[in-house]
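All chains are named by letter (A, B, ...) in the order of the sequence lines, taking the proteins before the strands, and each is independently numbered beginning at 1.
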Amino acid sequence: MKILGPSFYKQTTLEIAKNLLGTFLVHDSPNGKTVGKIVETEAYLADDPACHASRGETPRNKMMFDPPGHAYIYFIYGMYFCFNVVTAKKGVGEAVLIRALEPVEGIELMHKRRAKKNKGHFSIHELCNGPAKLVIAMGITKDMNGVDLSKGDLKLLRPSVTPDSDPGSPGRSRIQCGMTEIHTTTRIGIVQGAHLPYRFYFKDNPFISKR
DNA sequence: GTCCTGATCCTCT
DNA sequence: GAGGATCAGGACG
């Protein structure tokens, strides 16, 4: 496994949203380690009315203007948090929302964290199939807003099959996606910019949030 | 299975 | 003061 470095973020936000599919989100917490494979993302661009940063910088969205590879975590609907990867160069507010993960490691811990919020029992497919769910399952907190995802306890990794400097190589696509096809649709739960085809997920993957 | 609602509070207007 | 990049549970069929 290899950390996603600066060269990965030289791509456009839409390319990053697609190429984050198949990479691994890792959190080393005091309670244990959890790992999930990213299977669903949404892109939010600077000139996109749905993007929090589209109307300029505010205290809430200022992390979106950080250099790429940082975390933007925001509070929504009075009780949930969503996790984004900042994607554009410093000063440009763009990000990719991580909408669903396929649990890979620390599945018991994910169950425990999700069960704390509500006493129901979840199938493995329901642990991380939504932006707020995966934040809970991974143990991500608002304190991690703005952290650098190439160092520290919360990291983005991918199989070290191809060099970091060649993120779009055919080799990588084969390894990362296997036979899996990437599906593109409009985004979930927004009104502004609802027609834009900025949602990406692995077709037929059982861990995505919505068909 | 689908649809509706309540929970709950920060953020920007 | 309104609204929001959500979720779970209940009603209904």
Rounded to the nearest Å, what distance is computed from the [atom1] atom of residue [X] to the [atom2] atom of nucleotide [N]?
X      : N      : atom1 : atom2 : result
A/Y72  : B/dC10 : OH    : C1'   : 11 Å
A/F81  : B/dC10 : CZ    : C1'   : 9 Å
A/K210 : C/dA5  : NZ    : P     : 15 Å

(Q) Students often mix this up, so state it plainly: with edges at 30° and 60°, are the rings of A/H52 and A/Y74 parallel, tilted or perpendicular? (A) perpendicular
Distance col, row A/Y9:OH vs A/L149:CG, nearest 0.5 angstrom, shows 5.5 Å
For [N] and [X] - does any side-chain N or O of the residue sit under 4.0 Å from the phosphate oxygens OP1/OP2?
X      : N      : value
A/R99  : C/dT6  : yes
A/R114 : C/dC7  : no
A/K142 : B/dC10 : no

Side-chain donor/acceptor contact of A/Y77 with base of B/dA7 under 3.5 Å: no
Determine whether a donor-acceptor pair (N or O, by modelled atom type, separation under 3.5 Å) exists between the side chain of A/S54 and the backbone of A/A46. no
Inset, instruction - Would you classify A/R187 as touching base, sugar-phosphate or nothing, given that sugar-phosphate means primed atoms plus P, OP1 and OP2, and contacts are heavy atoms under 4.0 Å? - result: nothing
Mate of B/dA7 across any strand shown (Watson-Crick or G-U wobble, both atom pairs under 3.5 Å) is C/dT6
Any strand, both distances under 3.5 Å, Watson-Crick or G-U wobble: C/dA11 pairs with B/dT2
**Prompt:** Does a salt bridge link A/E40 with A/R199, judged by any charged N lying under 4.0 Å from a carboxylate O?
**Reply:** yes
Quick note, A/M64 side chain, CB onward, closest among B/dC10, C/dA5, C/dC7 is C/dA5
Testing C/dT6, B/dC12, C/dA5 for proximity to the side chain of A/A132, the answer is C/dT6
| message | Using a 5.5 Å cut-off between ring centres and planes within 30 degrees, is A/Y44 stacked on the base of C/dA5? | response | yes
